K.L.:
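The following block contains the structure, expressed as C-alpha cells.
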Amino acid sequence: MSSELTKRIYQIVQDIPYGKVATYGQIARLAGNPRAARAVGFAMRRAPDSLCLPCHRVIFQDGSLCTGFAFGDPQIQRQMLKKEGVTFDDQDRVRLDRHRYIPEPGGMPDGNPSL
DNA sequence: GTTATGACGACCG
DNA sequence: CCGGTCGCCATAA
C-alpha cells in the first residue's frame with residue numbers, strides 16, 4: 001500500500017482550504033520529500049474517492065493546470081477553481097502569489113520566506 | 001530484483 | 001520566451 005509519504009500527501013491535499021491551490025512541489029515538500037513532486041501526481045491519480053481529495057486544487061509550480069487529463073475534460077479544473085474564487089492571468093495560469101496555500105501563515109516581517 | 005512510466009521541477013539550448 | 005533534456009520519487013509490469 002501507499003508509503004507513509006503518500007499518505008502524508010493525501011492528508012496535505014485534503015487540508016487545502018477552499019479557494020486556495022497548492023503545487024505538486026510544495027505538497028511534496030510538506031510531505032517531507034521536496035523532490036517527490038512526481039510521486040505526488042501519482043498519488044493523486046491513485047487517490048481513492050473515499051478521501052474526496054481536492055486534487056483540482058493541485059497545480060504545477062508554474063501555476064498551470066494539468067490539462068489533458070482533468071476529470072474528463074481539461075477545462076473542468078480551471079472552471080472549478082474559478083468557481084471557488086481563484087483568479088487566472090492572461091496565460092490561463094493561477095495566480096499562486098494570490099492563492100498559494102500556506103500551511104503556516106507566519107507573515108515573514110522581512111519578506112524572507114526561505115523559499 | 002530490474003526496467004519502464006508518469007497529473008513534476010529545474011536546467012540547458 | 002519556448003522547446004528539449006535530465007533528475008528524483010513512487011508505482012506497475
Side-chain angles (χ1 to χ4, degrees):
Chain A
M1 287 293 288
S2 312
S3 298
E4 296 297 325
L5 178 63
T6 310
K7 291 194 287 191
R8 179 81 62 160
I9 292 168
Y10 292 148
Q11 184 177 316
I12 294 167
V13 175
Q14 201 170 43
D15 190 51
I16 300 174
Y18 182 94
K20 293 261 179 134
V21 297
T23 66
Y24 295 97
Q26 185 167 5
I27 293 168
R29 184 179 159 109
L30 296 171
N33 288 22
R35 309 258 163 120
R38 299 188 81 164
V40 175
F42 223 103
M44 295 296 92
R45 187 177 187 188
R46 295 283 302 170
D49 296 336
S50 304
L51 299 175
C52 298
L53 293 173
C55 43
H56 60 272
R57 293 182 194 149
V58 184
I59 59 179
F60 286 116
Q61 183 67 345
D62 185 50
S64 309
L65 304 176
C66 319
T67 50
F69 94 100
F71 301 84
D73 290 308
Q75 299 182 8
I76 298 299
Q77 187 177 12
R78 185 176 68 185
Q79 290 210 359
M80 286 177 78
L81 294 172
K82 276 188 173 182
K83 187 176 181 180
E84 294 191 357
V86 178
T87 54
F88 291 74
D89 59 7
D90 185 57
Q91 302 176 40
D92 290 330
R93 291 190 298 181
V94 178
R95 293 190 178 182
L96 289 172
D97 298 306
R98 185 169 169 152
H99 303 288
R100 169 86 74 154
Y101 163 56
I102 304 170
E104 294 183 44
M108 290 291 182
D110 189 57
N112 190 350
S114 66
L115 277 165

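By convention in this document, chain letters (A, B, ...) are assigned in the order of the sequence lines, proteins followed by strands, and residues within each chain are numbered from 1. Predicted model, so just to flag it, every value in this text is computed and none were measured.
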K.L.:
Can you tell me how far P of B:dC8 sits from CZ of A:R29, to the nearest Å?
P.N.:
19 Å

K.L.:
So, taking the atom named CD in A:Q77 and the one named SG in A:C55, what distance separates them when rounded to the nearest 0.5 Å?
P.N.:
7.5 Å

K.L.:
Heavy atoms, side chains only, cut-off 4.5 Å: are A:P54 and A:V13 in contact?
P.N.:
yes

K.L.:
What distance separates A:K20 NZ from A:D15 CG, expressed to the nearest 0.5 Å?
P.N.:
11.0 Å

K.L.:
Looking at A:S64, I'd like to know whether one of its side-chain N or O atoms comes within less than 4.0 Å of OP1 or OP2 on B:dC8.
P.N.:
no

K.L.:
Measure the distance from CG on A:L81 to C1' on B:dA7 and round it to the nearest whole Å.
P.N.:
14 Å

K.L.:
Given atom CZ of A:R45 and atom P of B:dT5, what is their separation to the nearest angstrom?
P.N.:
14 Å

K.L.:
Enumerate all atom pairs, one protein N or O and one N or O from nucleotides 9-13 of chain B, separated by less than 3.5 Å.
P.N.:
| residue | atom | partner | partner atom | Å |
| --- | --- | --- | --- | --- |
| B:dG9 | OP1 | A:G25 | N | 3.1 |
| B:dG9 | OP1 | A:Q61 | N | 3.2 |
| B:dG9 | OP2 | A:Q61 | N | 3.0 |

K.L.:
Could you check how far CD1 of A:I9 sits from P of C:dA10, rounded to whole Å?
P.N.:
8 Å

K.L.:
As an exercise, state the distance from CZ of A:R78 to CD1 of A:I59, rounded to the nearest 0.5 Å.
P.N.:
13.0 Å

K.L.:
Report the residue (A:F42 or A:R35) whose heavy-atom-nearest nucleotide on DNA chain C is the more 5′ of the two.
P.N.:
A:R35

K.L.:
Side chains of A:E84 and A:H99 only: does a donor on one sit below 3.5 Å from an acceptor on the other?
P.N.:
no

K.L.:
So, is A:N33 close to the C:dA10 phosphate, meaning a side-chain N or O under 4.0 Å from OP1 or OP2?
P.N.:
yes

K.L.:
Would you say the side-chain atoms of A:Y10 pair up with the backbone N or O of A:A43, donor to acceptor, closer than 3.5 Å?
P.N.:
yes

